[in-house]
Amino acid sequence: MSLPTQPLRDEHAGLFPSVDRIKQTAELIGKASSEEICKGLEDVYDFLAHHLKIHAGAEEAALYPVVQKLLGSPDATKTMSRDHMEIGRYIDELAALKQCPSDGKFSPEHSESLRRVLYGVYALVKIHFEKEEEVYLPILDQRMTAEEVREMYTKMEAAAHEAMQALAG
């Protein structure tokens, strides 16, 4: 039997390879060519800024209000929203750091900063997804019908679509 939140779980599963790519890119620094590192940085930035950030906004718009209502407190999702803010800070920091050096060589300081940001955002995103999967989704599965979850998921998709349209200009 499928869980009511299976669409959300499937969406997360689709994001996990890109989350792993964050760590893989951090591991390249100091070991791979600058071209390979720069490609990884662009991929990671694209995922974070154009996919994960939109996913987070959709959660804020549609998932978290439902969790707040079910748990009876507008504060029930504050820590998760705080994660989103910190992920946004990491995205901004990565935007400033992802430029590849003109000579093809990353300085030790630049390399250290890139590793710090990449490992930091990787750990934060990974634990954030785990909290949703292990805490919020079981609550939704227990307290909502499949139809209610589908309606919520439809709202999340609409919010994500709207954010993508805004991003496209």
Side-chain angles (χ1 to χ4, degrees), residues 5-65 67 77 79-137 152-169:
T5 59
Q6 195 59 49
L8 291 168
R9 294 171 191 280
D10 292 344
E11 183 175 349
H12 282 177
L15 295 173
F16 291 153
S18 295
V19 173
D20 288 339
R21 178 78 167 124
I22 300 168
K23 181 181 172 198
Q24 293 162 359
T25 300
E27 291 168 346
L28 291 175
I29 297 169
K31 297 176 185 172
S33 70
S34 61
E35 292 83 16
E36 192 175 354
I37 294 167
C38 292
K39 171 72 170 109
L41 291 171
E42 283 300 324
D43 291 347
V44 166
Y45 180 78
D46 181 61
F47 165 68
L48 292 171
H50 303 119
H51 299 282
L52 190 66
K53 194 171 186 178
I54 288 169
H55 174 83
E59 288 178 343
E60 295 284 344
L63 173 64
Y64 292 176
V67 172
T77 58
T79 59
M80 300 300 275
S81 293
R82 182 63 181 97
D83 288 354
H84 288 163
M85 288 174 47
E86 190 65 15
I87 291 166
R89 190 187 65 75
Y90 275 124
I91 292 169
D92 292 344
E93 199 168 355
L94 184 58
L97 290 170
K98 72 181 178 70
Q99 281 68 32
C100 290
S102 59
D103 65 0
K105 296 179 184 180
F106 289 93
S107 71
E109 295 81 16
H110 192 179
S111 295
E112 185 178 319
S113 294
L114 281 169
R115 276 193 216 95
R116 177 186 51 76
V117 168
L118 292 170
Y119 282 130
V121 75
Y122 168 76
L124 182 57
V125 169
K126 188 168 173 50
I127 193 70
H128 181 85
F129 278 135
E130 288 172 358
K131 290 186 292 187
E132 285 179 351
E133 297 269 335
E134 295 172 17
V135 179
Y136 288 166
L137 297 186
M152 179 193 68
Y153 191 70
T154 299
K155 289 179 184 175
M156 284 183 67
E157 288 179 322
H161 180 72
E162 188 176 310
M164 284 188 279
Q165 294 292 342
L167 193 63

**Prompt:** Nearest heavy-atom pair of Met152 and Ala62: which atoms, and what distance?
**Reply:** CG-O, 3.5 Å
**Asked** What pairs with Thr79 under side-chain contact (heavy atoms from CB on, under 4.5 Å), at least two apart in sequence or on another chain?
**Response** none
**Request:** Verify the neighbour count for atom NZ of Lys98: are there more than 12 heavy atoms of other residues, nucleotides or ligands below 6.0 Å?
**Result:** yes
**Asked** For the atom pair NE2 (His128) and CG (Leu52), what is the distance rounded to the nearest 0.5 Å?
**Response** 7.5 Å
**Asked** How far apart are the C-alpha atoms of Ile91 and Val121, what are their side-chain angles, what is the distance that settles it, and do they pass the side-chain contact (heavy atoms from CB on, under 4.5 Å) test?
**Response** CA-CA 8 Å; Ile91 292 169; Val121 75; 5.6 Å; no
**Request:** Find the distance between CG (Leu118) and CD (Gln24) and round it off to the nearest 0.5 Å.
**Result:** 11.5 Å
**Request:** Please state whether the rings of Tyr64 and Tyr136 are parallel, tilted or perpendicular, taking 30° and 60° as the class boundaries.
**Result:** perpendicular
**Prompt:** Say you draw a straight line from CD of Glu162 to CG of Leu167; how long is it, rounded to the nearest 0.5 Å?
**Reply:** 12.5 Å
**Item:** Rounded distance [0.5 Å steps], CD1 in Ile22 versus OH in Tyr90
**Value:** 11.0 Å
**Asked** Closest heavy-atom contact between Ala58 and Ala159?
**Response** CA-CB, 4.0 Å
**Fill in**
The side-chain contact (heavy atoms from CB on, under 4.5 Å) partners of Glu27 (sequence neighbours excluded) come to Lys23, Tyr119
**Asked** Which pairs count as side chain to side chain donor-acceptor pair (under 3.5 Å) when at least one residue sits in residues 43-55, sequence neighbours excluded?
**Response** Glu11-His55, His12-His55, Arg21-Asp43, Lys39-Asp43, Asp46-His50, His55-Glu59
**Message:** Please find the pair of heavy atoms, one from Ile29 and one from Ser111, that lie closest to each other, and give the distance.
**Reply:** CG2-CB, 3.6 Å
**Item:** Heavy-atom pair with the smallest gap, counting every atom of Thr25 and Leu41
**Value:** CG2-N, 3.8 Å
**Item:** With sequence neighbours excluded, residues passing side-chain contact (heavy atoms from CB on, under 4.5 Å) with Lys126
**Value:** Tyr122, Glu130
**Prompt:** Just how far is it from atom CD of Glu132 to atom CE of Met80, taken to the nearest 0.5 Å?
**Reply:** 4.0 Å
**With Ala32 via side-chain contact (heavy atoms from CB on, under 4.5 Å) - residues at least two apart** = Leu28, Glu36, Ile37
**Close side-chain approach of Phe106 and Leu114, heavy atoms under 4.5 Å** = yes
**Prompt:** Please, which pairs that meet salt bridge (Lys or Arg N to Asp or Glu O under 4.0 Å) have at least one residue in residues 105-124, sequence neighbours excluded?
**Reply:** Glu93-Arg116
**Item:** Distance-minimising heavy-atom pair for Phe129 and Val19
**Value:** CE1-CG2, 3.7 Å
**Asked** How long is the gap from OG1 on Thr77 to NZ on Lys131, to the nearest 0.5 Å?
**Response** 11.0 Å
**Message:** Checking the side chain of Thr5 only, and the main-chain atoms of Leu8 only, is there a donor and an acceptor separated by less than 3.5 Å?
**Reply:** no
**Asked** Which pair of non-hydrogen atoms, one from Ala61 and one from Pro65, has the smallest distance, and what is that distance?
**Response** O-CG, 3.6 Å
